[in-house]
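All remarks here apply to the structure that follows.
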Amino acid sequence: MSKKSKRRFSVRPLIAALILIVTLFPIYWLFAMSIRENQELMGQIPLIPQSFTLEHFTRLFTEKGFDVALVNSLQVTGISLVLSLAFGLAAAYVIARSRFHYRLKKPVTYWVLLVRVLPPVAFTIPLYIMFARTGVLNTKIPATLACVLINIPLIIWFMISFFKELPEEVEESAKVDGATEWQLFVKIVLPLVLPGVAAVAMLSFMYAWNEYTYAIIFVQTPRNYTVPLSLAILNTEDNLTNFGLVAAGGTISVVPIMLFVIFAQNYLIQGLSSGAVKG
């Protein structure tokens with residue numbers, strides 16, 4: 001082995017370790033803040049916790065009603081994810097396979113991209129008027145539909161390339177065997193693009209779980225607050241300096257995303273790497 005190759009072999013693990021430390025340090029610091037006593041959070045805070053307490057987590061659920069916010073976020077995120085995937089995957093497959101007039105393909109595709117790249121605040125006024133007239137502002141429906149509106153264009157744009165890469169001969173042979181359009185899509189096509197579905201589901205899940213802009217505008221009753229709204233309220237007025245309470249809420253909010261990534265990591269890596277090279 002040459003000196004140059006030895007140098008590369010020794011440097012790469014160090015660079016990877018450095019990137020890992022930089023990436024994970026904010027999560028470590030968040031957790032370390034959540035388990036420290038209030039006295040330790042004042043002044044210069046040591047890198048390693050000198051005390052241990054679960055008081056901040058206990059107060060979140062006993063005094064601040066954080067359990068209600070968790071349930072609300074799970075409902076909004078879960079329902080919006082299912083709806084987004086159902087409509088987004090079907091629309092992406094139709095566009096990729098030219099199931100409608102060809103002249104409409106490019107305008108529809110670019111319109112989908114336009115909806116995605118526009119800032120979310122651009123839709124707030126028309127959405128607010130629509131939700132106010134239908135009388136659903138005091139429910140979780142506006143936050144759910146807002147997440148669907150943002151996630152569907154992402155799913156369509158991301159999945160079109162995956163559907164285009166599938167050989168049409170596979171679908172034609174299934175049709176010869178008597179498969180219906182629904183059976184073809186569910187039993188043949190979707191299993192072949194699972195890596196892409198996992199990747200786009202992860203991105204949609206993260207957006208819906210962390211969504212704050214629409215939630216603060218459309219959610220008007222405390223019983224419907226989601227996790228981001230509850231965290232924002234914790235950091236106001238008398239809780240301004242209670243960093244332990246805010247850190248505990250932030251630690252809990254990270255757990256669902258981490259679990260999702262752990263269970264879907266294999267498909268997620270394949271999907272992101274494939275989506276980066278397909279056109």
**Prompt:** Is it the case that one hydrophobic cluster holds both F243 and I48, taking links as side-chain heavy atoms less than 4.5 Å apart, direct or via other members?
**Reply:** yes
**Message:** Please check this pair: side chain of Q50 against backbone of E40, looking for a donor-acceptor N/O pair closer than 3.5 Å.
**Reply:** no
**Asked** L145 pairs by side-chain contact (heavy atoms from CB on, under 4.5 Å) with which of F218, F131, Y214?
**Response** F131
**Asked** Looking only at atom types and distance, does a side-chain atom of N151 sit under 3.5 Å from a main-chain N or O of Y207, one as donor and one as acceptor?
**Response** no
**Asked** Between T53 and E37, does any side-chain donor sit less than 3.5 Å from a side-chain acceptor?
**Response** no
**Item:** Shortest non-hydrogen separation from T23 to I19 and the atoms involved
**Value:** OG1-O, 2.7 Å
**Item:** Donor-acceptor under 3.5 Å (H56 side chain, R36 main chain)
**Value:** yes
**Verify same cluster id: V254, M206 (apolar side-chain graph, 4.5 Å)** = no
**Asked** In this structure, are over 12 heavy atoms from other groups packed under 6.0 Å from L54 atom CG?
**Response** yes
**Item:** E63 side chain vs G65 backbone, donor-acceptor pair below 3.5 Å
**Value:** no
**Asked** Where do T221 and T139 land on the side chain to side chain contact (heavy atoms under 4.5 Å, CB included) test, with the steps shown first?
**Response** CA-CA 8 Å; T221 54; T139 66; over 6 Å; no
**Item:** Donor-acceptor contact below 3.5 Å, side chain S84 vs main chain L81
**Value:** no
**Message:** Determine whether a donor-acceptor pair (N or O, by modelled atom type, separation under 3.5 Å) exists between the side chain of S80 and the backbone of T77.
**Reply:** yes
**Request:** Taking all non-hydrogen atoms of both residues into account, name the closest pair between P256 and I252 and its distance.
**Result:** CD-O, 3.2 Å
**Message:** Once you measure the plane-to-plane angle for F163 and F185, does it fall in the parallel (<30°), tilted (30-60°) or perpendicular (>60°) bin?
**Reply:** tilted
**Request:** Please confirm whether the backbone N or O of I79 pairs with a side-chain atom of Q75, one donor and one acceptor, at under 3.5 Å?
**Result:** no
**Message:** When you measure from the side chain of N72 to the backbone of R223, do you find a donor-acceptor pair of N or O atoms at a distance under 3.5 Å?
**Reply:** yes
**Message:** Membership question, hydrophobic clusters at under 4.5 Å side-chain separation (ILVMFWY): are V117 and L127 in the same one?
**Reply:** yes
**More than 12 heavy atoms of other groups within 6.0 Å of F31 CZ** = no
**Request:** Would you kindly confirm whether V255 and L30 end up in one hydrophobic cluster when ILVMFWY residues are joined by side chain heavy atoms under 4.5 Å apart?
**Result:** no
**Message:** Parallel, tilted or perpendicular: which one describes the rings of F205 and W209, with boundaries at 30° and 60°?
**Reply:** parallel
**Request:** Kindly give the heavy-atom pair with the smallest separation between G249 and F66, and that separation in Å.
**Result:** O-CZ, 3.8 Å
